[in-house]
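Report on the structure given below.
Below, read A as the first sequence line, B as the second, and so on, with proteins coming before strands; counting in each chain starts at 1. Computed from a prediction, not measured in an experiment: that's the story for all the values here.
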There are 2 protein chains.
Amino acid sequence: MSENVTMRDIAERLGVSSVTVSKAINDKEGVSEELRKKIKDLAAEMGYRFNTLAKSMKEGLFYNIGIIIPERFTGATQAFYMQFYQILNKVLEEYDYSGILHILSVEDEEELVLPRIYREKKVDGFIILGQLNIQYMDMFLDTGVSVVLLDFYNDQPEVDCVITDSFYGVYDLTNYLIKLGHRDIAFVGDIRATSSIQDRFLGYYKSMLEHDISFPEDYVIKDRDNKGKYIDLKMPAKMPTAFVCNCDQIAYHLVTTLQKQGYSVPEDCSVVGFDNDIFATLAQPNLTTVEVNMEEMSRSAASMMMRKIKDSSSSHGRVTVKGKIIYRDSVRDLRNI
Amino acid sequence: MSENVTMRDIAERLGVSSVTVSKAINDKEGVSEELRKKIKDLAAEMGYRFNTLAKSMKEGLFYNIGIIIPERFTGATQAFYMQFYQILNKVLEEYDYSGILHILSVEDEEELVLPRIYREKKVDGFIILGQLNIQYMDMFLDTGVSVVLLDFYNDQPEVDCVITDSFYGVYDLTNYLIKLGHRDIAFVGDIRATSSIQDRFLGYYKSMLEHDISFPEDYVIKDRDNKGKYIDLKMPAKMPTAFVCNCDQIAYHLVTTLQKQGYSVPEDCSVVGFDNDIFATLAQPNLTTVEVNMEEMSRSAASMMMRKIKDSSSSHGRVTVKGKIIYRDSVRDLRNI
DNA sequence: CTGAAAGCGCTTACAG
DNA sequence: CTGAAAGCGCTTACAG
């Protein structure tokens, strides 16, 4: 039914011009209310569907945003970024935009291959979700397309990005542990892997410094190899009373590992995570963690992007969105013992 | 750099027509190899990017497929369909198509609101990933757009869909349990919830029938309420030696529940799942399960869709893709006891 | 092998 | 309030 009805078809049936139909349907002025209603009614009756493409052609706008996620951050066990994408997509809908996903394969990232949606001009800009290697980033920025980085940043302060407040998130969380009487606190994460893990470590470090607590070198526990693959966690010589993990997934692994070694959580060791993703509630006990506010971050990124599309010279720099500590059952209060 | 280079720009610089440029760039005949090379080189030099929109306008093709997932099947704990989407998207790329995700909200599904990408004609067809309510389905099919159902089907045999072979998958799995000496085997799943759960139940039932094993009524254990929310599992009066679960997620919950009640898996009870998703390896012990072949299913769905786009009268009906049993550690061999 | 003309379905800017 | 003309960047069908 209703194969390809155009504005012209409606115009002809009503004996008006297609310009008038366009004005009526787009709620622009220059049409009497009476005619507008007649046109809209007929459009509905004829099963008219607006053709965004034709509008795009005129305006040079595509009403699509490319969303790039490096393959490394996807896969069966990594739902975090896909969930992020989902929320981002919903927010873009509110601007009448679609988010076209592009998973950047490991090879394409290494060989600096730009995504097809770039080469074929299908999008007005790109939101990059998850840290890319530096050369790829540089190439991308060189093309001059509108780019917003989401959940990471690079060393150029003028590049627009939206990040979660890793630093203060972990800082607050570590302060909380210290307030509950913990002193022997370890950090789990490869502090060279990504800028956000680094910031989380620095938040932990600041809290420790402020409370004048020193810690041995083996209290910084590496959790992945150079390829980002998780490795076995090496416990410190002196067992800490609490572990600050750079993400919930590794916290989940840590809890399992500890329990296998005969430790109880939180009785023997407390564990906190970051992200509030599926692993936070999968872990037994459920994890105290920092919730990443994906919705708010998506809103920031989307509105940044919209401004950039309208004015490509607009620049916003780094925007930080605060997370929220979610208190659950993985931390023990050491004060009244 | 290179703001909006068009074929005409290239043509003017070379003193040829844009028709020739078009032919050269699209590798169509009618251009000398020499000229073709010159044109391609200049295109690269000028940073030319092909404008798919203009082509779309001429052809009436959008080179996008809408992928609809009901909101119910998404969320932090349900990575399965998002993973499916990801694979589907990659397969569509091979056809130079993009998959535009649309999460269908619960309200839109109930109020029969068609997605914006339908109303604004941004796609050539829809792949629906996950069972929708009947009225919505009917409305969708009534519009006449190309639709392929993925991972479910309805009662109209002429509607194209690609499903995993639930029936034989569970049938094989149950046979396997019986071969290992199990006789008291329960099924976990609401057999009215979706057609695939029903088929899984029937596969179980067929295997039981064939082996002439009867089972009490409470061996069919409901796992969710009418809204699809998981509920507490009610154990049968007589404890089975094995449970066949309709999916890995519920199998994971079952394992946890059993362990809390003091049962060991697989020593006291064996448990098998379906899907081979994240929950299969999250469960301790890891689950024996049926792997859904998302890649093969995506390929079928994509190629079906491509044929429908070329010839809207083409029809393929129900296509079944076989899964594979993945043997892990959640089943006990009862034979030599 | 090469290209002039027409058109895909809209919108913008202008004239009446 | 209403509409004729031109154009967005391509491609198709045809002529030379």
Separation of [N] [atom2] from [X] [atom1] (nearest whole Å):
X      : N      : atom1 : atom2 : result
B:K28  : C:dC1  : NZ    : P     : 15 Å
B:E33  : C:dC1  : CD    : P     : 8 Å
B:E120 : C:dG9  : CD    : P     : 17 Å
B:D27  : D:dT11 : CG    : P     : 12 Å
B:L53  : D:dC10 : CG    : P     : 10 Å
B:E12  : D:dG9  : CD    : P     : 12 Å
B:K55  : D:dT12 : NZ    : P     : 8 Å
A:I10  : C:dC10 : CD1   : C1'   : 12 Å

Exercise. So what does A:G60 touch, heavy atoms closer than 4.0 Å: a base, only the sugar-phosphate, or nothing?
Worked result: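 Since no nucleic acid heavy atom lies under 4.0 Å of A:G60, the category is nothing.
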For this session: Would you mind classifying the nucleic acid contact of B:K121 as base, sugar-phosphate or nothing, using non-hydrogen atoms under 4.0 angstrom?
Result: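 Here B:K121 touches no strand at all.
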For this session: Report, as a single string ordered 5' to 3', how protein heavy atoms within less than 4.0 Å touch nucleotides 3-8 of chain D: B base, S sugar-phosphate only, - not at all.
Result: BBB-BB
Quick one: side chains of residues 106-114 of chain B, donor-acceptor pairs under 3.5 Å with protein atoms, not counting sequence neighbours, listed by atom name and distance.
unit_1: B:E109; atom_1: OE1; unit_2: B:R72; atom_2: NH2; d: 3.2
unit_1: B:E109; atom_1: OE2; unit_2: B:R72; atom_2: NH2; d: 2.9
unit_1: B:E109; atom_1: OE2; unit_2: B:N133; atom_2: N; d: 2.9

Exercise. Tell me, which pairs form a salt bridge (charged side-chain N to carboxylate O under 4.0 Å, His left out) where one or both residues lie in residues 11-28 of chain B, sequence neighbours left out?
Worked result: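 For residues 11-28 of chain B, and leaving out neighbouring residues, the salt bridge (charged side-chain N to carboxylate O under 4.0 Å, His left out) pairs sorted by first residue read B:R13-B:E45, B:D27-B:R36, B:D27-B:K40.
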Problem set entry | Residues in salt bridge (charged side-chain N to carboxylate O under 4.0 Å, His left out) contact with A:K308, at least two apart in sequence or another chain |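 By the salt bridge (charged side-chain N to carboxylate O under 4.0 Å, His left out) rule, A:K308 matches A:D160.
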For this session: Keeping to residues at least two apart or across chains, list the ring-ring contact (aromatic ring centres under 6.0 Å, His included) pairs with something in residues 96-116 of chain B.
Result: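 Every ring-ring contact (aromatic ring centres under 6.0 Å, His included) pair that includes a residue of residues 96-116 of chain B, provided the two are not neighbours, is B:Y63-B:Y97.
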For this session: May I ask you to verify if any side-chain N or O of B:Y48 is less than 4.0 angstrom from the OP1 or OP2 atom of D:dC10?
Result: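 B:Y48 to D:dC10 OP1/OP2: side-chain N or O found under 4.0 Å.
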Exercise. When you check the phosphate oxygens OP1 and OP2 of D:dC10, does a side-chain N or O of B:T52 lie under 4.0 Å from one of them?
Worked result: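 For B:T52, the contact criterion (side-chain N or O under 4.0 Å from OP1 or OP2 of D:dC10) is not met.
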Exercise. Below 6.0 angstrom between ring centroids: does that apply to A:F80 and A:F73?
Worked result: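 No, the ring of A:F80 stays outside the 6.0 Å limit from the ring of A:F73, centre to centre.
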Exercise. For the residue pair A:F140 and A:Y136, does the interplanar ring angle fall in the parallel (under 30°), tilted (30 to 60°) or perpendicular (over 60°) class?
Worked result: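 Tilted.
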For this session: Give the dot-bracket string for DNA chain C, reading 5' to 3', where a pair is Watson-Crick or G-U wobble with both distances under 3.5 Å, ( ) marks pairs inside the strand, [ ] marks pairs crossing earlier ones, | marks a partner on another strand, and . marks unpaired.
Result: |||.||||||||.|||
For this session: Look at A:E296 together with A:K322 and state whether they make a salt bridge at an N to O cut-off of under 4.0 Å.
Result: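 Between A:K322 and A:E296 there is no salt bridge, as every charged N stays at least 4.0 Å from the carboxylate O atoms.
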Exercise. Taking B:T52 for the side chain and A:E120 for the main chain, is one N or O donor matched with an acceptor at less than 3.5 Å?
Worked result: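 Present.
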For this session: Please tell me which of A:N51 and B:G30 maps to the more 5' nucleotide of DNA chain C, matching each residue to the nucleotide holding its nearest heavy atom.
Result: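 Its nearest nucleotide being more 5', the pick is B:G30.
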Exercise. Counting only heavy atoms not in A:E94, do more than 12 fall under 6.0 Å of its CD?
Worked result: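 Correct, the count exceeds 12.
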